[in-house]
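Below: one structure, written as structure tokens.
Numbers restart at 1 for each chain; the letters A, B, ... are given by sequence-line order, proteins then strands.
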Amino acid sequence: MAPVGMRGLRKAYGNVEAVRDISLEIENREFVVLVGPSGCGKSTLLRMIAGLEDIDAGELTIAGKRVNEVHPADRGLAMVFQSYALYPHMSVAENLAFGLKMSGMGRDEIESKVQKAAGILQIGELLKRRPRELSGGQRQRVAIGRAIVREPEVFLFDEPLSNLDADLRAQMRVELARLHGELQSTMIYVTHDQVEAMTLAQRIVVLNGGRIEQQGAPLELYERPVNTFVAGFLGQPKMNLVQAIATTIDGQPALRLGADSGPMITIGGAAPAALRADQELVVGVRPDAVQLSATKTGHAIPAALELVERLGSDAIAHVRIEGVDPMITVETREPVPTERGTPVWLEIDAADLHVFRSDGERL
Amino acid sequence: MSWRRRRPMSTFLISALIFAFAGGPVLLALYGSVVPDRVLLSPERSVFSEGISLENYRYIFTGQLPASYEVEGAQRSMISEAARQVPRSLWNSARIAAAAMVLNIVLGAPAAYFFARYAFPGKRMSFMFIILSPLVPTAALVVPVYLIMQQLGLIGSVWGIILVHTAQALPFTVLILSVFFRRLPAELFEAAILDRCNAFQSFVRIALPLALPSIGATGLFAFMLSYSEYMFALVLSGEASSRPVSVVMAALARNTDVSWSLLNTGIFIAIIPTLILVVLVWRFVVEGLVSGSVKG
Ligand SMILES: Nc1ncnc2c1ncn2[C@@H]1O[C@H](COP(=O)(O)OP(=O)(O)OP(=O)(O)O)[C@@H](O)[C@H]1O
Ligand SMILES: [Mg+2]
């Protein structure tokens, strides 16, 4: 239950700059999820907060106090590791108690705290077992339990669910959300699972190359990505991003997709104010914002079916538009023909378009 | 593993073969020690007609001559005085080997941990030096080591031998344990840091308990190495009171007249401590190595 502040944090390993100039204010009781591609510095940043990595430059505060030089155990935080890092030679109860014991807490107090944490996580029956006698999901619970017993101000999670199968992951996601509600602690959570980020976060921070690309509420990031990186990173399947040129049709602002021969889309009133004629752009549209039909309608763009992936309730169609690269992904609930080469028509509402400059920034 | 169940026959055969090689000589020594020379040497007599006797053991531990030699006085040269030194030398060897084992663990485990988990200037060089040092031939070291021990006044004492045996086994201890410590996941120690462990506590409370099987194995190895070492033991031991069993056994075997039974008795007595140690420690070591993974 403490705010965490980062001002200009930096960390380099030799000449690899893992974290460059990160400033972020995390509020009390906030659930913040750090996402980003592999190697973007998520773990490094988390470990800097934990005190497991030295901070090269910048200031880290917890509960308003500078903690750059404070010992990890005195920062009032607990960390859940990706590999769980349970002590193999100790029973579950000993694993939970170890940190408290090292802090010199009395036996009875430790006992009651361990019982309480075990109760919260429903691992009471496992207390006598060794970690190797537990399933993956149970180990995960114990790892979280080890964090809970310390009653930290801040929880740090580094991809805690990535070793679990899909079912368990979904279950633990719900559990973590419940825990956050129950414990009212600040939580900083690293993942590269989209679903975890979207469902757990009050705020998502997208990192790339050691810098923050964008931060905000999940839906805000989803609906208004500030650049093509965030646009392409969040959302499954990925947003379609294609080259385009600004132009006009009958005096109306419009976009020509792909090469000179590519199709045109009128954008009319949805055009960003900053749009200039002949400007080179990148246009994005989410797969679920594209209407696909087997019959031609008004302004529909002609395309050809390349591949359809059926997922049960919906399907993902990959279609090719003449003169546009790469293929367009369409998510649809309508029945779709599956034969390769079948002509189809795509309808896109101009309001669903994300328009970016050629350097990737949102217009 | 399923192949074990499907091929009990071949598993049995291989085990029998291994047992014959490893256990055969031990059993032969045991047999040779409980029957008199005449049974060993003449094809007409057998253990069934002569029976077994523990006279040789009695002689070694009490000095009371076997009845047959009392009568046939001419053969007295077969009874070597060296055999009487076996119990004493056994005690010496046990002390020396146990001390070398303990010193190996006490010095080797922290050193290995330090090499495995910390960076410091000269780390590669010093590790190389430690690992390559066993390649220096013993013969080249005998004289310098003797001179050093003479300076230290440790000739004729078990302490000189203990120091040398410790130094001989230490490279292996450090190598094996550092490999083990390096395989422990770093996150385990990071969790320990967050649990308020300092470097020493991480070592004692996390690394050491996990390394117990490896420590058992390396300790046993150091013990065996010391127990069977001959060259330095010979040079440094001086008079009978500090001689370890390897030196005494060599003296016994060098006596060309010595009774076969007596020699076998000495051999079997010398093997006993090793057998006990193996039974006590080995189960533990193998259990540890088989379940070995530290995942969790
Ligand atoms: N101990 C280290 N020594 C040298 N370079 C390191 C070290 N740890 C991380 N790096 C580098 O720092 C960068 C960021 O690493 P980090 O582990 O923070 O990435 P990440 O975002 O957590 O990636 P992932 O999603 O794969 O876990 C990477 O380029 C990595 O190679
Ligand atoms: Mg990581």
*For B/Ile206 and A/Met90, run side-chain contact (heavy atoms from CB on, under 4.5 Å): C-alpha distance rounded to whole Å, both residues' side-chain angles, the deciding distance at 0.1 Å, then the answer.*
CA-CA 9 Å; B/Ile206 310 293; A/Met90 297 183 197; 4.0 Å; yes

_Spacing of OH belonging to A/Tyr87 relative to CG belonging to B/Leu188, to within rounding of 0.5 Å_ =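 The OH atom of A/Tyr87 sits 7.0 Å away from the CG atom of B/Leu188.
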
*When rounded to the nearest 0.5 angstrom, what is the spacing between CD in B/Glu187 and CG in A/Asp158?*
7.0 Å

*Is any side-chain heavy atom of A/Arg146 closer than 4.5 Å to a side-chain heavy atom of B/Asp195?*
yes

_I need the contact set between residues 35-71 of chain A and chain B: heavy-atom distance under 4.5 Å, sorted by residue number._
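Within residues 35-71 of chain A, near chain B: A/Arg47, A/Ala50, A/Leu52, A/His71.
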
_Heavy atom to heavy atom, less than 4.5 Å: which residues from residues 92-111 of chain A reach chain B?_
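Residues A/Phe98, A/Gly99, A/Lys101, A/Met102, A/Ser103 are the ones that qualify, each having a heavy atom under 4.5 Å from chain B.
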
_By the salt bridge (charged side-chain N to carboxylate O under 4.0 Å, His left out) test, which pairs, at least two apart or in different chains, include something from residues 201-217 of chain B?_
none

_Suppose the criterion is salt bridge (charged side-chain N to carboxylate O under 4.0 Å, His left out): which pairs have a residue in residues 120-130 of chain A, not counting sequence neighbours?_
none

Would you say that more than 12 heavy atoms from the other residues, nucleotides or ligands in this model lie under 6.0 Å from the [atom1] of [X], or not?
X	atom1	value
B/Phe21	CZ	no
B/Tyr118	OH	yes
B/Phe129	CZ	no

*asked:* Can you tell me which portion of A/Arg75 sits under 4.5 Å from chain B's heavy atoms? Options are side chain, backbone, both or neither.
replied: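 Neither; nothing under 4.5 Å.
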
*asked:* Show the nearest heavy-atom pair for residues B/Ala191 and A/Ala85, with the distance to one decimal.
replied: CB-O, 4.0 Å

*Compare every heavy atom of A/Phe81 with every heavy atom of B/Glu190, then report the nearest pair and how far apart it is.*
OE1-CE2, 3.6 Å

_Between B/Ala192 and chain A, with a heavy-atom cut-off of 4.5 Å, which part of the residue counts as in contact: side chain, backbone, both or neither?_
both

